[in-house]
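Everything below concerns the one structure shown next.
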Amino acid sequence: MARTPRFRLSTLIARPTFQAWAARFPLTRPFVRQQGAALFDLVAGFCHSQILQAFVAFDLPAILLNAPATTADLAHNSQVPEPRMAVLLRGAGALGLVRE
């Protein structure tokens, strides 16, 4: 006897067409926006913690407290490629940890 596949709510919710509809429908729009904002906050918090962790792991607070330094100097001292250090410093700047 063949079984028909069971309908799964998660399958429906995962569909881009359903998500677009839920974002437009007046009764579900506030819920969708709230859930989207919560997910954004979670991802942003993760990114912020990663920036802070790398900033501390490379001992940048102690280095920068002694004297200003260029991106090239920090990259050389930390043995990190300069473009990657520039990304870290931009992130740290966005968090208010450093300034130019």
Side-chain angles (χ1 to χ4, degrees):
M1 176 173 171
R3 295 180 75 184
T4 58
R6 222 175 98 196
F7 175 78
R8 293 186 185 264
L9 184 59
S10 60
T11 304
L12 173 66
I13 292 171
R15 291 181 184 164
T17 53
F18 177 81
Q19 293 173 6
W21 172 84
R24 289 188 315 269
F25 188 66
L27 296 177
T28 56
R29 186 181 310 141
F31 177 75
V32 170
R33 287 187 179 169
Q34 178 186 19
Q35 293 300 310
L39 182 59
F40 177 83
D41 290 344
L42 181 66
V43 171
F46 174 77
C47 292
H48 295 173
S49 69
Q50 294 299 298
I51 292 168
L52 181 59
Q53 187 276 332
F55 191 72
V56 171
F58 290 126
D59 204 27
L60 298 180
I63 294 169
L64 294 172
L65 279 175
N66 292 329
T70 65
T71 302
D73 292 338
L74 294 172
H76 177 74
N77 291 342
S78 303
Q79 299 179 355
V80 174
E82 190 173 340
R84 297 291 90 207
M85 182 57 72
V87 170
L88 176 59
L89 291 174
R90 278 196 304 274
L95 296 177
L97 301 173
V98 296
R99 55 191 155 125
E100 284 190 51

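The first residue of the sequence shown is numbered 1, and numbering continues consecutively from there. The shown structure was predicted, so the numbers you read here are calculated from the model rather than taken from an experiment. These values consider heavy atoms only, across backbone and side chains, with no hydrogens, waters or symmetry-generated copies.
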With no hydrogens and no angle check, is any side-chain donor or acceptor of S49 less than 3.5 Å from a backbone partner on F46?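 Looks like yes, one N/O pair under 3.5 Å.
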Spacing of [X] atom [atom1] and [Y] atom [atom2] [to the nearest 0.5 Å]:
X   : Y   : atom1 : atom2 : value
F55 : L74 : CZ    : CG    : 8.5 Å
T17 : L12 : OG1   : CG    : 8.0 Å
D59 : L64 : CG    : CG    : 9.5 Å
H76 : T70 : NE2   : OG1   : 10.5 Å
Q53 : F58 : CD    : CZ    : 8.0 Å
I51 : L95 : CD1   : CG    : 4.5 Å

State, to 0.1 Å, how close [X] and [Y] come at their nearest heavy-atom pair, and which atoms those are.
X   : Y   : result
A75 : E82 : CB-CA, 3.7 Å
D73 : A69 : CB-CB, 4.3 Å
I13 : Q19 : O-NE2, 3.0 Å
R24 : R29 : O-NH2, 2.6 Å
A54 : L88 : CB-CD1, 3.9 Å

Give the cluster check for L65 versus L97: same hydrophobic cluster or not, with ILVMFWY residues linked at side-chain heavy-atom distances below 4.5 Å.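 No; L97 is not reachable from L65 via cluster members.
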Would V87 and V43 show up in the same hydrophobic cluster when neighbours are defined by side-chain heavy atoms closer than 4.5 Å?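 Result: no, two separate clusters.
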Measure the shortest side-chain to side-chain distance between P81 and R84 over non-hydrogen atoms and say whether it is less than 4.5 angstrom.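 Heavy-atom side-chain distance check passes, below 4.5 Å.
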Would you indicate whether the side-chain heavy atoms of V56 and L60 approach each other to under 4.5 Å?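 When only atoms from C-beta onward are counted, V56 and L60 do not touch, as no gap falls below 4.5 Å.
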Taking the inter-plane angle between the rings of W21 and F25 on a 0 to 90° scale, is it parallel (under 30°), tilted (30 to 60°) or perpendicular (over 60°)?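 Correct class here is parallel.
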Could you check V32 against Q35 for side chain to side chain contact (heavy atoms under 4.5 Å, CB included), going step by step and ending with a plain yes or no? CA-CA 5 Å; V32 170; Q35 293 300 310; 5.9 Å; no
